[in-house]
Number of protein chains: 2
Amino acid sequence: MVVVSPKRNRLAERREATRLEILDAAWEVARQDSLAGLTLRQVADRVGMQPPSLYSHFASKNAIYDAMFEQAWRNLLEQVPSWIEQLPNPPRARLIKVAELYFDFAVADLARHQLMNVNIIPNFEPSPQAYAASLEAYSMMRTYLPLSDQDDIDIYTALVSGLGAQQLANDPGGQRWRRLIPRVMTMFADDLGLPRNEPSPPESS
Amino acid sequence: MVVVSPKRNRLAERREATRLEILDAAWEVARQDSLAGLTLRQVADRVGMQPPSLYSHFASKNAIYDAMFEQAWRNLLEQVPSWIEQLPNPPRARLIKVAELYFDFAVADLARHQLMNVNIIPNFEPSPQAYAASLEAYSMMRTYLPLSDQDDIDIYTALVSGLGAQQLANDPGGQRWRRLIPRVMTMFADDLGLPRNEPSPPESS
DNA sequence: GTCTATACACCGATAGAC
DNA sequence: GTCTATCGGTGTATAGAC
């Protein structure tokens, strides 16, 4: 068993805590102002530091965006276990539930959604490590969907992200597209030829 | 009949031509670099002016974005007449054709698509006049679609824009989502209960 | 190691000469 | 209408105190 020296541990923990503090501040700024319009001064003000001090924790502004990008996808990954408990077994109900869960996640935070799904920050490309988080989340979602064919997956992502994008753009905070999810997923399930009635469970009432 | 003085007319035409020159340059910069990363110096360089001179034609950088926003939607409006000629009569075929035409329009220009559909520029809101152009295009599209219910329209826009957004984000220049349009539109047509076989035209072969 | 202080190049925008 | 000069603000980077 490996024992890490206490002092180095405390330092590393402090450093990591500061990093997270900066990222939290960056998210607040991005949400209140805008993601692309975020400035290091705003972030520094919010954590009570001078702007150049941020460079002790992040190599550049894009490095902050990169960490935020990875955080956003890891947030999604962390949500998945709690989602799985809610997932019904019948494929049709499952398609709807996953769509609603992901929709709600996407719509809950415009800045996060834009960072994850829209390329809006000039000269920002996620690092391989950050991009890996998005791939991990993508394949995790895939695991719990009754979809095998790549075309089916592509259609599903287009449907869900399309509904979410319209909701964010034309009725933020509303339900105009959100309430269409069951209907859209049902018509997709019909196209897939999924059985219309869930198999009755073997347990009695 | 009102006759405008020739001199004033020539001046106005010259002014308008310069305005269009600036906007063309702005579009080129937005396409080559990025929409949000556009700078007035880049635009000014391309039209051979000093940056402050742009303020003789536009009140601010956002005013340039606003004019571009209106141009983009007017571009779409101008395309519609040529689209109408291509539109088949059967509702199902029509759903597909309009989707493909709009999809191709959206995917053809990322910067234009982002300006029209994604709110990525900090502190930019389209002016009422520019927004009116988008409403005009929206209702024009509606006229040529076999859709009456608002929910149906909302689903249609979500489907088409969702497919386009995925294409731009994950396979720019490719066909991965574009070739799914007929299938998605067919499943939507099934959901709408549109007749499966077009009524045979009254003309003989 | 982390901070403050400061310099640099660039941005949008304004004032005023011509 | 276009220019030069200039302003405040921004991202980046370095120097140096502690």
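A note on names: the letters A, B, ... follow the listed sequences, proteins ahead of strands, and every chain is numbered from 1.
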K.L.:
Please report the distance, rounded to the nearest Å, between NZ in A:Lys61 and C1' in D:dT12.
P.N.:
11 Å
K.L.:
Salt bridge check: are B:Arg176 and A:Asp151 linked by an N-O gap of less than 4.0 Å?
P.N.:
no
K.L.:
Under 4.0 Å between a side-chain N/O of B:His57 and OP1 or OP2 of D:dT2, yes or no?
P.N.:
yes
K.L.:
Find the distance B:Asp33:CG to C:dC10:P and express it as a whole number of Å.
P.N.:
15 Å
K.L.:
Contact class for B:Thr39 (heavy atom, under 4.0 Å): base, sugar-phosphate, or nothing?
P.N.:
sugar-phosphate
K.L.:
A:Ser60 side chain: which of D:dT12, C:dT4, C:dA13 is closest?
P.N.:
D:dT12
K.L.:
Please state how far atom CE in B:Met49 lies from atom C1' in C:dA13, giving the value in whole angstrom units.
P.N.:
14 Å
K.L.:
Could you tell me how far apart B:Arg41 (CZ) and C:dC10 (P) are, to the nearest whole angstrom?
P.N.:
9 Å
K.L.:
Using 0.5 Å steps for rounding, measure from the CG atom of A:Leu77 to the CD atom of A:Gln71.
P.N.:
13.0 Å
K.L.:
Consider the side chain of B:Ser56, meaning its heavy atoms from C-beta on, and name the nucleotide among D:dT2, C:dG12, C:dT4 that approaches it most closely.
P.N.:
D:dT2
K.L.:
Assign A:Pro51 to base, sugar-phosphate, or nothing according to its heavy-atom contacts below 4.0 angstrom with the strands shown.
P.N.:
nothing
K.L.:
With a non-hydrogen cut-off below 4.0 angstrom, is B:Thr18 in contact with a base, only sugar-phosphate, or nothing?
P.N.:
nothing
K.L.:
Flag this pair as yes if the NZ/CZ of A:Arg112 is under 6.0 angstrom from the six-membered ring centre of A:Phe105 and inside a 45 degree cone about the axis; otherwise no.
P.N.:
yes
K.L.:
Starting from P on D:dT2, measure out to CZ on B:Arg15 and report it in whole angstrom.
P.N.:
8 Å
K.L.:
Separation of B:Tyr55 atom OH from D:dT6 atom P, in whole Å?
P.N.:
19 Å
K.L.:
Could you tell me whether the phosphate oxygens of D:dG1, OP1 or OP2, come under 4.0 Å of any side-chain nitrogen or oxygen in B:Ser53?
P.N.:
no
K.L.:
Passes side chain to side chain donor-acceptor pair (under 3.5 Å), B:Arg46 versus B:Gln32? Steps please.
P.N.:
CA-CA 12 Å; B:Arg46 208 172 271 267; B:Gln32 287 192 7; 3.3 Å; yes
K.L.:
Just how far, in rounded Å, is P of D:dT10 from CG of A:Leu54?
P.N.:
14 Å
K.L.:
What is the separation between atom CG on A:Asp45 and atom C1' on D:dG11, rounded to the nearest whole Å?
P.N.:
15 Å
K.L.:
Strictly by modelled atom types, are A:Gln167 and A:Arg179 linked by a side-chain donor-acceptor pair under 3.5 Å?
P.N.:
no
K.L.:
Does A:Leu38 reach a base, just sugar-phosphate, or nothing at all? Heavy atoms under 4.0 Å.
P.N.:
sugar-phosphate
